[in-house]
Amino acid sequence: MQPFLSAIKLNRSNITILFLSLFLAACTDKRPAPLKPMVQKDTTITPANASTLLTLDSLAVQRFVDSMVKDSTVAAGIINFYNSRNYQYAWFNEEGLTEQAEAFWTQSRIYAQSNPDSNGRDDLFHAAMDSLVNGDTATSSNEMGHIELSLTYDFFRYIDPSSSGNIDPETAKWYIPAKKVDPATALDSFLTGRKGNWRPLGQAFYRLRNKLQSYSALLKAGGWPVLDIKEKSLKKGIKGADIEKIRKRLQFSGDLSPADTSTVFDIALEQAIKRMQKSFGLAPSGVVDHQLLEELNVPVEERIKQMLINLQRMKWMPIEDTEYILANIPEYRLQVFQHDSIQLAMRIVVGRAANHTVIFSDRLKYIVFSPYWNIPSSIVRNEILPAIKKDKSYLARHHMEITGHSNGLPLIRQKPGSDNALGKVKFLFPNRFNIYFHDTPARHLFDKHQRAFSHGCIRLQNPFGLAKLLLTGVPGWNDKEILQAMNRSRETWVTLEKPVPVYIVYFTSWVDKEGLLHFAKDIYGHDRVMATHLFKG
């Protein structure tokens with residue numbers, strides 16, 4: 001298998017710079033906004049009621065943003081933040097650094113430590129902060145002022161999900177609106193909160209970030225060895241040098257205990273192989289075949305790129321809902337979450353390469369049992385009409401009917417029934433992309449490893465299960481009634497009293513709640529597009 005980003009050069013400098021753009025963000029923004037009006041100075045703050053007597057000179061704040069901050073929106077935000085607190089220090093008090101300053105520094109420092117290369121960061125600021133955190137509080141007022149403002153600047157960039165590593169979400173075909181964040185409000189909340197309770201990004205972000213740190217250590221150590229194995233398959237019971245190579249590869253990446261030195265393909269190795277196959281979305285056969293070897297031989301540099309790309313996507317995720325549906329396109333999987341617990345999971349079929357399923361979010365409002373399929377004009381033009389020319393009975397044989405005409409094309413729909421292309425139920429979340437979930441009569445497709453076959457909509461392996469879950473507690477909808485509605489000859493619409501958020505996403509790397517790191521194929525090439533923006537040089 002050719003590495004999915006082999007055309008993009010990666011070195012330690014690239015990684016460090018991207019870490020800083022993801023976590024401390026880049027200093028520039030190609031979409032600067034005009035300065036916002038200054039907020040009123042809070043003159044009610046006096047030495048008698050101030051949280052600290054340490055104050056900044058307003059001119060010093062202005063000089064800092066003029067020299068350091070290129071994004072006018074961030075510059076205005078910093079000025080407004082200090083103006084609103086009458087220029088009190090936020091990160092220092094009379095005793096030195098606050099607990100909140102140390103907590104934030106611990107978070108941000110993790111990212112810089114993921115690679116020892118120092119290119120692209122303010123070494124003097126980092127050294128000064130490390131010194132302060134270690135107990136050396138001897139610093140001049142000018143140095144303290146610079147550290148204070150640098151911490152605020154870092155916080156503003158860290159908390160902002162639009163910090164995008166020089167790439168606009170829509171350039172990456174990402175149409176999920178980012179969570180709206182007011183950095184000043186977030187900073188106020190953080191400063192008054194408890195140390196260590198702060199997690200501005202989703203748990204998925206932190207799980208992947210932690211794995212990325214271990215992979216960065218692997219890169220520093222030289223990466224893992226390439227497996228040169230000629231056998232077509234290796235399975236339990238086999239002995240020899242190839243088994244030793246496999247074992248060392250899994251130990252190097254932390255997927256097998258270093259204490260296991262056997263040269264026999266035993267039960268422990270078989271379980272580790274099954275786990276790795278699950279990691280790559282392969283059937284967990286426990287047999288080492290060419291598919292698994294291809295995945296294991298992807299260089300650590302490429303895996304790091306893949307993880308960095310997906311960390312950026314995770315920064316764009318706005319999920320705050322307690323109940324939602326998440327469909328991950330490259331994983332070919334849909335999950336229903338409730339209070340961070342998976343209530344339902346199933347395989348899905350997504351759009352083929354020529355008919356991408358769009359990355360977006362909306363709210364599921366309707367369930368339609370025994371649906372008509374109103375065939376899109378593109379399918380009528382390119383598939384139905386040519387078929388009718390060859391076979392005049394095509395419409396009748398496929399239970400289709402013409403309901404009118406528009407723009408020179410017949411309006412054709414397929415009647416409810418066992419051969420309806422939408423199956424026995426569809427789930428609508430009205431959107432400009434005309435994408436929805438639906439059943440399918442082509443059940444065999446769910447047995448395939450790669451499932452990109454649709455015209456863009458998402459086909460569900462277990463539509464009954466989703467309908468049942470959505471209608472739990474709704475009067476008149478038990479299992480029997482749902483099955484009856486799915487097998488009628490007429491369409492039945494159900495409007496959900498509380499629409500359910502739907503997120504159709506594109507993650508090619510993530511860590512599940514059990515701690516297993518996953519990688520998926522970049523089936524639409526979206527990773528490649530992001531890589532050209534994130535990895536330059």
Is there a side-chain contact between [X] and [Y] (heavy atoms, below 4.5 Å)?
{"X": "Leu296", "Y": "Met276", "value": "yes"}
{"X": "Ser370", "Y": "Ser489", "value": "no"}
{"X": "Cys457", "Y": "His438", "value": "yes"}
{"X": "Leu269", "Y": "Leu250", "value": "yes"}
{"X": "Ile375", "Y": "Leu411", "value": "no"}
{"X": "Leu344", "Y": "Asn462", "value": "yes"}
{"X": "Pro376", "Y": "Ile379", "value": "yes"}
{"X": "Phe369", "Y": "Glu491", "value": "no"}

Measure from the side-chain N and O atoms of [X] to the backbone N and O of [Y], and report whether any donor-acceptor pair falls under 3.5 Å.
{"X": "Gln414", "Y": "Ala421", "answer": "yes"}
{"X": "Ser393", "Y": "Ala396", "answer": "no"}
{"X": "Asn297", "Y": "Val226", "answer": "no"}
{"X": "Arg247", "Y": "Ser262", "answer": "yes"}
{"X": "Asn328", "Y": "Arg333", "answer": "no"}
{"X": "Thr472", "Y": "Lys468", "answer": "yes"}
{"X": "Ser233", "Y": "Val288", "answer": "no"}
{"X": "Glu295", "Y": "Phe280", "answer": "no"}
{"X": "Tyr524", "Y": "Gly351", "answer": "yes"}
{"X": "Ser509", "Y": "Met307", "answer": "no"}

How close do [X] and [Y] get, counting heavy atoms only, and between which atoms?
{"X": "Leu311", "Y": "Arg209", "result": "CD2-N, 3.8 Å"}
{"X": "His455", "Y": "Asn355", "result": "O-CB, 3.3 Å"}
{"X": "Ile504", "Y": "Ile176", "result": "O-CD1, 3.7 Å"}
{"X": "Phe265", "Y": "Leu234", "result": "CE1-O, 3.3 Å"}
{"X": "Ile402", "Y": "Pro410", "result": "CG2-CB, 4.0 Å"}
{"X": "Ala268", "Y": "Leu256", "result": "O-CD1, 4.2 Å"}

Pairing donors with acceptors under 3.5 angstrom, does anything connect the side chains of [X] and [Y]?
{"X": "Lys424", "Y": "Asn487", "answer": "yes"}
{"X": "Thr508", "Y": "Asp527", "answer": "yes"}
{"X": "Tyr503", "Y": "Asp362", "answer": "no"}
{"X": "Asp419", "Y": "His398", "answer": "no"}
{"X": "His518", "Y": "Asp512", "answer": "yes"}
{"X": "Ser279", "Y": "Arg275", "answer": "no"}

[atom1] of [X] to [atom2] of [Y]: how many Å apart, nearest 0.5 Å?
{"X": "Arg347", "Y": "His449", "atom1": "CZ", "atom2": "NE2", "answer": "9.5 Å"}
{"X": "Leu219", "Y": "Arg303", "atom1": "CG", "atom2": "CZ", "answer": "14.5 Å"}
{"X": "Phe519", "Y": "Asn310", "atom1": "CZ", "atom2": "CG", "answer": "9.0 Å"}
{"X": "Arg459", "Y": "Thr357", "atom1": "CZ", "atom2": "OG1", "answer": "10.0 Å"}
{"X": "Glu323", "Y": "Gln343", "atom1": "CD", "atom2": "CD", "answer": "8.0 Å"}
{"X": "Ile229", "Y": "His290", "atom1": "CD1", "atom2": "NE2", "answer": "14.0 Å"}

Should [X] and [Y] count as an ion pair when the cut-off is N to O under 4.0 Å?
{"X": "Asp391", "Y": "Lys389", "answer": "no"}
{"X": "Lys521", "Y": "Glu331", "answer": "no"}
{"X": "Lys278", "Y": "Glu514", "answer": "no"}
{"X": "Arg443", "Y": "Asp439", "answer": "yes"}

| Only one of Tyr366, Phe437, Tyr436 forms a ring pair (Phe, Tyr, Trp, His ring centres under 6.0 Å) with Phe429, so which one is it? | Phe437

| message | Assess the residue pair Trp316 and Tyr175 against the criterion (ring-ring contact (aromatic ring centres under 6.0 Å, His included)); give the C-alpha distance rounded to whole Å, side-chain angles, the decisive distance to 0.1 Å, and a yes or no. | response | CA-CA 10 Å; Trp316 293 334; Tyr175 300 104; over 10 Å; no

| task | Applying side-chain contact (heavy atoms from CB on, under 4.5 Å), run through Met530 and Gln312 and close with a yes or a no. | result | CA-CA 9 Å; Met530 289 190 66; Gln312 180 56 63; 3.8 Å; yes

| message | Could you walk me through whether Ile309 and Phe535 satisfy the side-chain contact (heavy atoms from CB on, under 4.5 Å) test, starting with their C-alpha distance in whole Å, then the side-chain angles of each, then the deciding distance to 0.1 Å, before giving a yes or no? | response | CA-CA 10 Å; Ile309 286 168; Phe535 308 109; 3.9 Å; yes

Between [X] and [Y], does the ring centre distance come in under 6.0 Å?
{"X": "Trp510", "Y": "Phe205", "value": "no"}
{"X": "Phe104", "Y": "Phe155", "value": "yes"}
{"X": "Phe446", "Y": "Tyr332", "value": "no"}

Considering residues, nucleotides and ligands other than [X], do more than 12 of their heavy atoms fall under 6.0 Å from its [atom1]?
{"X": "Glu231", "atom1": "CD", "answer": "no"}
{"X": "Asn382", "atom1": "CG", "answer": "yes"}
{"X": "Lys235", "atom1": "NZ", "answer": "no"}

| field | Derivation and outcome, side-chain contact (heavy atoms from CB on, under 4.5 Å), residues Leu470 and Ile367 | value | CA-CA 9 Å; Leu470 294 174; Ile367 304 175; 4.0 Å; yes

| task | Check step by step if side chain to side chain donor-acceptor pair (under 3.5 Å) holds for Arg249 and Ser253. | result | CA-CA 7 Å; Arg249 165 64 179 83; Ser253 58; 2.9 Å; yes

| said: Is there a ring-ring contact (aromatic ring centres under 6.0 Å, His included) between Phe360 and Phe433? Walk through the geometry before answering. | reply: CA-CA 9 Å; Phe360 74 106; Phe433 307 109; 5.0 Å; yes

| query | So Ile523 and Ile329, side-chain contact (heavy atoms from CB on, under 4.5 Å) or not? Walk me through it. | reply | CA-CA 9 Å; Ile523 60 175; Ile329 297 168; 3.7 Å; yes

| request: Test Ser285 against every option in Gln277, Glu270, Gln291 by the side chain to side chain donor-acceptor pair (under 3.5 Å) rule and name the one that passes. | output: Gln277

